[in-house]
Protein chains: 2
Amino acid sequence: MRKGKPNDPERRTRILRAALEVIATEGVHAASYRRIAAQAGVPLGSTTYYFADLETLIVSAFETLRDGLEPRYAAPMRSSRTDADVVEALVSATCGSTAPALADIRLYEEMHLYGARSPRVAEILRGLQKDSIMILRRSLSEATARAVDALMWGWWGYRSLHPDDPLDAVIVRNAYRALVDMAVTRMERSDRGGVSDSSPGL
Amino acid sequence: MRKGKPNDPERRTRILRAALEVIATEGVHAASYRRIAAQAGVPLGSTTYYFADLETLIVSAFETLRDGLEPRYAAPMRSSRTDADVVEALVSATCGSTAPALADIRLYEEMHLYGARSPRVAEILRGLQKDSIMILRRSLSEATARAVDALMWGWWGYRSLHPDDPLDAVIVRNAYRALVDMAVTRMERSDRGGVSDSSPGL
DNA sequence: ACAAAGTATGTACCATTGTACGCAGATTCA
DNA sequence: TGAATCTGCGTACAATGGTACATACTTTGT
């Protein structure tokens, strides 16, 4: 007498997917056992069986989100040879064809906020950011990668706040270009710790 | 016989302050009538009396937050004469002496997320951003102001995610400087819609 | 002083939540 | 086949939530 086999092996993953759907559309605060069960089309007991408590369910959902996700710009970035390619990959990931949908941005934001009170989720987020920066570092310096990462989050936040007001690709592109070029034109000067000059000649 | 006067005129504002405290420390999802009442040291009925429903209370709290708040960099920005002054004001507002505390950043993020489902709060946020950009526009172009605004949110998000890992001021400064200088060195070229060049000479 | 109107609060309801738990199939090994 | 074990699920319960409302207290106009 050993172990039974799950009658519906998809059930667990379906619950996790449903959890992410609920979180994206209604927010983490609305992610209850019952709502998730309803979204997944499974009975309540089914969700409590697979996930002992709600925290575990939500964290697991965020973990699957991480596992199924690579930074949007990963592939384009890998194939970028010139700085201009890098900039275009970043623009595209911000407001172009490889950019996340609004629902995905909301999902990130929900995860971010949940992570403020959940160490496990915070760890997931730090891991995601680490991956993101690692990919950027293939083409950029550490300083530039960090700035680019921060800026992209900022743009996404703007999109979240103005769902109907699309970002101006020209503005976005110029900003990334300024950061990417910074590495070439400035880093050596910043090493000297210069802070004083107001209008650096070029 | 007309109207009675409130026995404790501070009560309403104290409730609102308590609401913000609860939101900052526990999150909006934890902001219940009872918890806010406890935080404010007033009975439950007192909170329901001043605010007919919870949504109203929370929105009012966010409104008071907006009213009592000017962008952190407003004053330093107004007194900035050179680009270097502007950059320093931005760095200071990001990770220096005029930067918001972690709790305030969390508060912004909570408001941001709540705004995703509350049109009234979304409007508050758009108003805040408008003010922010308007102040930046005293010294910067529209495009630069938008990029700077986005980048600052990005840095703050980083701080929220790494509470114990302070931002590197040098990196932050260089990023802002790159954006601020962009306006001078690039805008005319971008007007020609150039996207092609990979390593722009300088 | 008295009554009306506004201020302030305690209590009570009903809905929703996380979780515990018992029961029924299914599967497996002897 | 039969007992043991796992899978899967429905129900029940205590806690917490928003909100309604009856009641008491203050202030004020006459």
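In the text below, chain A, chain B and the rest are named by the order of the sequence lines, each starting its count at 1.
- Taking 4.0 angstrom as the limit, B:Thr48 places none of its side-chain polar atoms (N or O) nearer than this to OP1 or OP2 of D:dT19.
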* Would B:Glu21 and B:Arg106 count as a salt bridge (Lys or Arg N to Asp or Glu O under 4.0 Å) if you check the C-alpha gap in whole Å, the side-chain angles of each, and the deciding distance to 0.1 Å? -> CA-CA 11 Å; B:Glu21 289 165 11; B:Arg106 294 272 160 81; over 6 Å; no
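- Between the C1' atom of C:dG18 and the CD1 atom of A:Ile58 lies a distance of 11 Å, rounded to the nearest Å.
- Not one N or O on the side chain of A:Thr56 forms a donor-acceptor pair closer than 3.5 Å with the backbone of A:Ala52.
- At a non-hydrogen distance threshold of 4.0 Å, nothing from residues 109-123 of chain B comes into contact with DNA chain D.
- A straight line from CG of B:Asp53 to C1' of D:dG17 spans 14 Å, rounded to a whole angstrom.
- The distance from atom CG of B:Leu54 to atom P of D:dT19 is 6 Å, rounded to the nearest whole Å.
- Closest non-hydrogen pair, B:Leu167 versus B:Arg159, comes out as CD1-CG, 3.6 Å.
- A donor and an acceptor atom, one from each side chain of A:Tyr158 and A:Asp165, are located under 3.5 Å apart.
- Atom-to-atom, OH of A:Tyr49 to C1' of C:dC23 comes out at 15 Å; the value is rounded to the nearest Å.
- When the P atom of D:dT7 is taken as reference, atom CD of A:Glu10 falls 17 Å away, rounded to whole Å.
- Side chains of B:Ser60 and B:Tyr50: no donor on one and acceptor on the other come within 3.5 Å.
- Closest of all the heavy-atom pairs between A:Ile133 and A:Ala145 is CG2-CB, 4.0 Å.
- A heavy atom closer than 4.0 Å to some atom of DNA chain D occurs in A:Arg34, A:Pro43, A:Leu44, these being the qualifying members of residues 24-44 of chain A.
- The interatomic distance linking A:Arg11 (CZ) with D:dT7 (C1') rounds to 11 Å, in whole Å.
- No hydrogens or angles considered: nothing links the side chains of A:Ser160 and A:Tyr108 as a donor-acceptor pair under 3.5 Å.
- As a whole-Å value, the separation of A:Tyr50 OH from D:dC9 P is 7 Å.
- A side-chain N or O of A:Ser92 and one of A:Thr98 form a donor-acceptor pair less than 3.5 Å apart.
- Distance, A:Arg14 CZ to D:dG8 P: 11 Å, rounded to whole Å.
- Between B:Ser46 and C:dT9, a side-chain N or O to OP1/OP2 separation shorter than 4.0 Å is present.
- Contacts classified as salt bridge (Lys or Arg N to Asp or Glu O under 4.0 Å) and involving residues 51-66 of chain B (residues at least two apart or in different chains) are not found.
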